[in-house]
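These notes are about the structure you will find just below.
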Amino acid sequence: MRRVILSVAIATLATVAVAQDARPVVVPASSVARPEDAGLRVHTNYFMRNPDPNFNPNVPPPAVTIETPASIACIYHLASSNISGCPVATATKHATGGSQTIVIVDAYDDPSAGADLKTFSTQFGLPNATFIKKYATGTKPPNACATGWEGEEALDIQWAHAMAPKANIVLMEAASNSLADMYAAVDAANTYIVNHGGEGEISMSWGTGEYSSETVDDLHCLQPGIVYFASSGDAAGVIYPSASPWVVSTGGTQINRDSSGNYVKQVGTNTCGAGCGGGKSTYEGRPSYQDGVSGVVGSKRGTPDIASDSSSNSPVYVYDSSCYGGWLEVWGTSVASPTLAGVINSAGSFKSSSASELTLMYDNMNDTTAYKDVTSGSCDTHNAKTGYDLCTGIGRVRGKTLK
């Protein structure tokens, strides 16, 4: 099974940005976006290096910087104390917050999800997660390995837990990646949160090309007490549900470090995959929280809202045993969605809706204690610049305030 997946699609360096690691790039079958799937099936937004059984966080490849839960927590000011420069090698303080529930919605079944999350947590000194796996239909879906979805599931639960280690993590598995099955899983996630405290986040690291009836499907993301997150995509343009005005659209950045490994800044990047998603929606109108950036978005919903590390030049660790056989080097805006869902959960304010959360973000986008503007770099057709832009949104998070 594992060999079949690795032979599905190896991206050429012409289409996927070159990272520091010389191993070939693997494009999971689930991350291949097909125009004919728009409005019918969804795709994931992650890429990885060719899995190597000798690869692990204790012996990283030479001259390669792979971000850890502690280095990201340090950069985003989520740890109890920060080490200067947030170097990967010596940043050891992880995020400490989290409460209520984060539900990860993905397709198919990851049989080793819980065990792999425990391995990930042990490796990086995180507390063991309060974790449960649910089947959206009540019936176990087909195995996720052959489709590529297993890597997505491992990534999502591990990085949501890394940013909000005290939150309850739920993996809600859809029967397939059809849009109907994914929305059924979102509805099941809504019901789960309603029945378990009534507050939390739902992360959706997947998307589909925009379609004319998507405004009707916005209804799946309107459950009071829940804030929804979705990846903006790994190629130029806009995908759904990231385009929904009732969802926090999460874009991609690249972490830049100096020659000593110290954090310098984050920049806009086209190295999420074949690019990084963002732009103006074709079908969704401008929400009121974007009125202040109407000069950029015009009369349409603009994406992304906010961005986080998603670059092949600053990848993250993920562990998956049953499909890929161990540690992975992963990137893409699929990293951004669970990471930011974890950050917002860790802040602990639990807004009544995504619109309420987004209103707070946009109202305080210039507050440097809470957000940091990303003012350089580009995401294919859009540049990162001062203020809101269609590459990195309002910028990136800083700490837990005003969230």
Side-chain angles (χ1 to χ4, degrees), residues 76 78 97-105 160 163-164 167-168 170 186-187 189-204 214-232 240-251 281 284-294 296-297 300-308 336-372 387-388 392-403:
Y76 291 155
L78 301 175
S99 61
Q100 300 293 356
T101 301
I102 302 173
V103 181
I104 304 298
V105 175
M163 295 298 100
N168 301 313
V170 178
V186 172
D187 292 342
N190 288 337
T191 299
Y192 186 92
I193 291 177
V194 168
N195 292 336
H196 293 81
E199 296 178 324
E201 295 76 27
I202 291 177
S203 176
M204 304 171 287
E214 68 185 41
T215 56
V216 176
D217 289 325
D218 289 344
L219 296 173
H220 297 280
C221 299
L222 289 175
Q223 178 61 49
I226 299 176
V227 177
Y228 302 81
F229 295 79
S231 303
S232 68
Y240 188 87
S242 167
S244 171
W246 302 99
V247 170
V248 179
S249 174
T250 62
S281 171
E284 302 277 8
R286 185 184 74 228
S288 60
Y289 54 78
Q290 287 192 319
D291 285 349
V293 297
S294 60
V296 178
V297 303
K300 298 296 185 180
R301 160 70 160 133
T303 70
D305 295 306
I306 195 163
S308 182
S337 183
T339 295
L340 289 169
V343 171
I344 298 304
N345 177 282
S346 185
S349 58
F350 296 104
K351 301 298 182 294
S352 61
S353 67
S354 297
S356 176
E357 181 68 50
L358 286 161
T359 297
L360 183 67
M361 285 184 181
Y362 279 88
D363 284 351
N364 294 282
M365 60 184 283
N366 296 318
D367 189 321
T368 57
T369 66
Y371 301 98
K372 178 69 173 176
Y388 177 85
T392 60
I394 67 170
R396 55 91 168 177
V397 294
R398 190 177 192 274
K400 300 179 184 179
T401 60
L402 299 174
K403 296 175 182 64

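Partners of Asp217 by side chain to side chain contact (heavy atoms under 4.5 Å, CB included), not counting sequence neighbours, listed by chain and number: Tyr183, Tyr211, His220, Tyr240. By the side chain to side chain donor-acceptor pair (under 3.5 Å) test, Ser232 is found to be paired with no residue, residues two or more places apart in sequence or in another chain being considered. Not counting sequence neighbours, the partners of Thr215 by the side chain to side chain contact (heavy atoms under 4.5 Å, CB included) test are Asp218, Glu284. A search for side chain to side chain donor-acceptor pair (under 3.5 Å) contacts involving Tyr362 returns Gln290, Asp305, not counting sequence neighbours. Partners of Asp367 under the side chain to side chain contact (heavy atoms under 4.5 Å, CB included) rule, at least two apart in sequence or in another chain, are Asn364, Thr369, Leu402. With sequence neighbours left out, Lys351 forms a side chain to side chain donor-acceptor pair (under 3.5 Å) with Ser349.
Using modelled atom types, one side-chain atom of Thr359 and one backbone atom of Ala355 make a donor-acceptor pair closer than 3.5 Å. Between the side chain of Ser99 and the backbone N or O of Ala167 there is no donor-acceptor pair closer than 3.5 Å.
Contact detail for Ser353 and Ser356: the closest heavy-atom pair is OG-N, 3.1 Å. Ala243 and Glu214 make their closest contact through CB-OE2, 4.1 Å (heavy atoms, listed as atom of the first residue, atom of the second, distance). Nearest heavy-atom pair across Ser242 and Ser231 is CB-O, 3.2 Å. Nearest heavy atom pair, residue Ala164 against residue Ile102, reads CB-CD1, 4.0 Å. Among all heavy-atom pairs drawn from Leu222 and Tyr228, the shortest one is N-OH, 3.8 Å. The two residues Val105 and Ala189 make their nearest non-hydrogen contact at CG2-CB, 3.9 Å.
With Met204 as the partner, the side chain to side chain contact (heavy atoms under 4.5 Å, CB included) test is satisfied by one option alone out of Ser244, Pro338, Pro241: Pro241. Screening Glu199, Lys403, Glu201 for a side chain to side chain donor-acceptor pair (under 3.5 Å) with Asn345, the sole residue that qualifies is Glu201.
A donor-acceptor contact under 3.5 angstrom links the side chains of Tyr76 and Ser308, judged on distance only.
Atoms CD1 and OG, on Ile226 and Ser352 in that order, are 11.5 Å from each other to the nearest 0.5 Å. From Thr101, atom OG1 reaches atom CD1 of Ile193 across 6.0 Å, with rounding to the nearest 0.5 Å. Note that the CH2 atom of Trp246 and the CG atom of Leu358 stand 10.0 Å from one another [nearest 0.5 Å]. For the atom pair CE of Met365 and OH of Tyr388, the computed distance is 9.0 Å after rounding to the nearest 0.5 Å. Here Ser337 contributes atom OG and Phe229 contributes atom CZ; the two are 7.5 Å apart, rounded to the nearest 0.5 Å.
Looking at heavy atoms from C-beta onward, Arg301 lies in side-chain contact with Pro287 at the 4.5 angstrom threshold. Side-chain contact between Ile394 and Met361 is present, with at least one heavy-atom pair separated by less than 4.5 Å. Side chains of Thr250 and Pro304 form no contact here, defined as non-hydrogen atoms less than 4.5 Å apart. Taking 4.5 Å as the limit, some side-chain heavy atom of Ile344 sits within range of a side-chain heavy atom of Glu357.
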Please report the C-alpha distance between Asn168 and His196 in whole Å, then the side-chain angles of each, then the deciding distance to 0.1 Å, and finally whether the side chain to side chain contact (heavy atoms under 4.5 Å, CB included) criterion is met. CA-CA 10 Å; Asn168 301 313; His196 293 81; over 6 Å; no
Could you please spell out the steps behind the side chain to side chain contact (heavy atoms under 4.5 Å, CB included) verdict for Ile306 and Leu340? CA-CA 9 Å; Ile306 195 163; Leu340 289 169; 3.6 Å; yes
What verdict does the side chain to side chain contact (heavy atoms under 4.5 Å, CB included) test give for Arg398 and Thr368, after you've listed the backbone C-alpha separation in whole Å, the side-chain angles of each residue and the deciding distance to 0.1 Å? CA-CA 8 Å; Arg398 190 177 192 274; Thr368 57; 5.9 Å; no
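Other residues, nucleotides and ligands place more than 12 heavy atoms under 6.0 Å from the NZ atom of Lys400.
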